[in-house]
Protein chains: 2
Amino acid sequence: MRDFTKKLRVLLIDDNANHLRGIKELISLETSYNVVGATRNANLGLSLIKKYRPDIVLMDVNMPEKDGLQTIQSINKLGISTNVVILSGYDDSDLIYRAMKLGARGYVLKTMASSKLIDAIETVADGKIYLPSVLTTRFFEYFQNAAKEESKVSAGENLLTTLTGRENEVLDLLTQGINYKSIAQKLIISETTVKTHVNNIFQKLQVNDRTNAVLYALTHGFKPSSTMQQEMVAA
Amino acid sequence: MRDFTKKLRVLLIDDNANHLRGIKELISLETSYNVVGATRNANLGLSLIKKYRPDIVLMDVNMPEKDGLQTIQSINKLGISTNVVILSGYDDSDLIYRAMKLGARGYVLKTMASSKLIDAIETVADGKIYLPSVLTTRFFEYFQNAAKEESKVSAGENLLTTLTGRENEVLDLLTQGINYKSIAQKLIISETTVKTHVNNIFQKLQVNDRTNAVLYALTHGFKPSSTMQQEMVAA
DNA sequence: GTCATTTAATCCATGGAACGATTGATAATT
DNA sequence: AATTATCAATCGTTCCATGGATTAAATGAC
């Protein structure tokens with residue numbers, strides 16, 4: 001939970017000087033915030049973050065040299081608990097998706113009322129995600145579409161369903177990059193038997209070598225048929 | 001955009017009889033809605049959906065025989081434009097994530113004020129996503145965590161970066177399940193050269209066969225180095 | 001009686017290791 | 001400017017292990 005006895009340390013990054021000044025003034029009006037830095041340069045912003053460890057970073061995504069998404073990644077690598085809130089001019093679904101995937105905690109459009117920005121800071125400081133309804137919708141446009149594409153591949157005419165239990169076990173080991181001999185040992189059967197199974201797998205998956213069998217399995221949502229337990233790997 | 005001259009056709013699925021009745025009464029109060037069906041059985045609900053093509057389906061996730069998530073999948077397979085709004089007793093991040101991934105358009109907790117349910121229906125009918133702030137946060141708990149795990153694998157000590165340009169091209173073809181001879185033809189070099197490259201790739205990725213090289217590539221975010229163009233496959 | 005599972009034996013193709021060696025581009029040194 | 005060193009990319013040959021195709025057959029479960 002947020003500590004209300006301390007001021008929230010906020011840092012601003014926006015390559016547009018006017019915008020930067022505007023936000024700074026807006027936030028300075030709030031007595032509970034403390035703007036620890038404001039810069040037009042992403043790389044400089046990064047060093048400031050390293051130095052001041054702000055609670056919140058308000059950042060434009062659309063910047064020349066270093067782009068906002070890359071900057072989020074760089075911040076992540078610092079391994080500190082700074083929360084990033086993205087400022088953007090556009091409600092582009094792809095951009096929102098990528099920013100959130102990289103760990104942004106909030107997303108605000110520049111066209112929104114300035115009170116929204118305060119809302120965002122409050123919400124994020126409270127450990128929650130701030131994503132206005134419109135942007136949530138945009139996000140899911142992308143997200144659900146990507147998921148649909150994914151399931152298309154693993155659905156339609158899935159040859160994996162034709163495999164027998166044993167063949168599934170063998171395929172599972174194949175997808176771990178194990179050779180005939182070792183598979184035979186693991187399953188405690190002869191190598192020839194393994195070859196027979198593998199050949200049958202090839203037939204059913206309509207491929208003619210192990211690499212393509214593995215590729216087929218991976219791109220069609222192959223899941224080792226539950227009955228098998230993983231064993232620990234000695235380090 | 002929603003057509004306000006027509007009543008919204010709503011269908012309810014909830015295995016709890018009391019709850020089902022409650023929701024039905026609540027929604028019947030709204031003059032702009034028309035409850036075309038209400039059932040305690042998911043499979044029956046599915047046939048009703050097929051029959052009546054409702055605009056909105058309000059569905060409990062937590063049901064005995066057929067679980068809510070499976071039901072969403074079944075609805076998707078029907079290929080109709082029905083929007084699913086999930087009703088759930090718990091704000092479990094994993095559950096929210098999976099439901100939304102499967103294409104749910106809204107998610108409401110049973111503990112929420114009943115007005116929220118109306119909000120949800122209105123929002124979803126308007127083509128938007130309805131996900132209350134708390135649930136959005138829960139969703140992203142899961143989503144961002146999964147993304148972080150993903151990037152951990154493709155980040156840390158990535159041996160793929162040590163590959164030369166040519167080796168990248170060869171690896172790209174390897175991950176397509178192509179054999180030495182064909183790779184040689186595609187790159188217009190001799191088969192021995194391909195073998196040399198592949199051997200070097202093995203060395204660098206610390207594996208000793210093609211399957212493991214491919215597996216390494218796929219699990220470490222290998223991307224064919226841009227300079228290569230895909231060619232069409234004849235059908 | 002069909003189907004999954006198992007084994008065997010044979011045979012050939014492919015994959016992969018282990019040498020060595022040439023060319024050309026680039027960077028570093030003299 | 002001439003030199004050396006380095007490295008990517010290329011090709012060749014030999015050799016053996018592994019992979020994979022084919023055919024045939026036995027067992028047990030359902």
Side-chain angles (χ1 to χ4, degrees), chain A residues 158-220 222-229, chain B residues 158-218 222-229:
Chain A
N158 200 332
L159 301 173
L160 289 172
T161 59
T162 66
L163 298 183
T164 69
R166 201 54 159 172
E167 285 163 0
N168 267 296
E169 294 184 65
V170 173
L171 180 55
D172 179 41
L173 297 174
L174 275 186
T175 60
Q176 292 174 41
I178 306 177
N179 62 14
Y180 285 141
K181 200 177 294 179
S182 303
I183 292 177
Q185 285 168 2
K186 294 216 177 210
L187 299 181
I188 323 181
I189 53 179
S190 84
E191 197 173 330
T192 38
T193 306
V194 177
K195 287 191 176 187
T196 306
H197 286 312
V198 171
N199 261 301
N200 292 332
I201 292 172
F202 289 170
Q203 300 289 321
K204 293 185 179 178
L205 302 188
Q206 294 166 22
V207 298
N208 33 36
D209 58 59
R210 77 187 35 236
T211 307
N212 282 293
V214 169
L215 287 173
Y216 187 96
L218 296 183
T219 55
H220 290 74
F222 173 72
K223 289 284 173 304
S225 50
S226 61
T227 53
M228 292 164 277
Q229 55 269 20
Chain B
N158 202 330
L159 301 173
L160 290 172
T161 60
T162 65
L163 299 183
T164 69
R166 201 54 160 172
E167 285 162 359
N168 268 296
E169 294 184 65
V170 173
L171 181 54
D172 179 40
L173 297 174
L174 275 187
T175 60
Q176 292 175 40
I178 306 176
N179 62 14
Y180 284 140
K181 201 176 294 178
S182 303
I183 292 177
Q185 285 168 2
K186 293 216 178 211
L187 299 181
I188 323 181
I189 54 179
S190 84
E191 198 174 328
T192 15
T193 306
V194 176
K195 287 191 176 185
T196 307
H197 286 312
V198 171
N199 262 300
N200 291 332
I201 292 172
F202 289 171
Q203 300 288 322
K204 292 185 178 177
L205 302 189
Q206 295 166 21
V207 298
N208 33 35
D209 58 60
R210 82 190 26 241
T211 307
N212 282 291
V214 170
L215 286 173
Y216 187 97
L218 296 183
F222 173 71
K223 289 283 172 303
S225 50
S226 60
T227 53
M228 291 165 279
Q229 56 271 18

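None of the values given here were measured: they were computed from a predicted structure.
In this entry the distance linking CG of N199(A) with C1' of dT7(C) reads 14 Å, nearest Å. A straight line from CD of Q206(B) to P of dA17(C) spans 14 Å, rounded to a whole angstrom. As a whole-Å value, the separation of N168(A) CG from dT5(C) C1' is 14 Å. Across the protein-nucleic acid pair, R210(B) atom CZ and dA17(C) atom P stand 11 Å apart, rounded to whole Å. Atom CG of N208(A) and atom C1' of dC12(C) are 15 Å apart (whole Å). Here dA17(C) presents its C1' atom at 16 Å from CG of N212(B), a figure rounded to the nearest Å. Across the protein-nucleic acid pair, E167(A) atom CD and dT5(C) atom P stand 6 Å apart, rounded to whole Å.
Under 3.5 Å, the side chains of S182(A) and N179(A) contain a donor-acceptor pair of N or O atoms.
Both K181(B) and V207(B) lie near DNA chain C, and the one whose nearest nucleotide falls closer to the 5' end is K181(B).
Residue contacts for D209(B): at a heavy-atom cut-off of 4.0 Å it reaches the sugar-phosphate backbone alone, with no base atom in range. N179(A) comes within contact range of the sugar-phosphate backbone alone, with a heavy-atom separation under 4.0 Å but no base atom that close.
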### Task
For D172(A) and N168(A), run side-chain contact (heavy atoms from CB on, under 4.5 Å): C-alpha distance rounded to whole Å, both residues' side-chain angles, the deciding distance at 0.1 Å, then the answer.
CA-CA 6 Å; D172(A) 179 41; N168(A) 267 296; over 6 Å; no
#### Entry: side-chain contact (heavy atoms from CB on, under 4.5 Å) between L187(A) and H197(A), intermediate numbers included
CA-CA 12 Å; L187(A) 299 181; H197(A) 286 312; 5.9 Å; no
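Minimum interatomic distance between D209(B) and F202(B) (heavy atoms only, all atoms of both residues): C-CZ, 3.4 Å. Shortest non-hydrogen contact noted between L159(A) and Y216(A) is N-OH, 3.1 Å.
From T211(B), atom OG1 reaches atom CG of L174(B) across 10.0 Å, with rounding to the nearest 0.5 Å. In this structure, CD1 in I201(A) is found 14.0 Å from CD in Q206(A), a value given to the nearest 0.5 Å.
Heavy-atom contacts of chain A under 4.0 Å fall on DNA chain D between two terminal nucleotides, which in 5' to 3' order are dT18(D) to dT22(D).
Annotation: side chain to side chain contact (heavy atoms under 4.5 Å, CB included) contacts of K204(B) (sequence neighbours excluded): T162(B), L163(B), T164(B), E167(B).
A close approach under 4.0 Å does not occur between any side-chain nitrogen or oxygen of R166(A) and OP1 or OP2 of dA4(C).
For the side-chain contact (heavy atoms from CB on, under 4.5 Å) with I178(B), the qualifying choice from V194(B), V170(B), I183(B) is I183(B), the only one to do so.
A heavy atom closer than 4.0 Å to some atom of DNA chain C occurs in I189(A), S190(A), T192(A), T193(A), T196(A), H197(A), these being the qualifying members of residues 188-197 of chain A.
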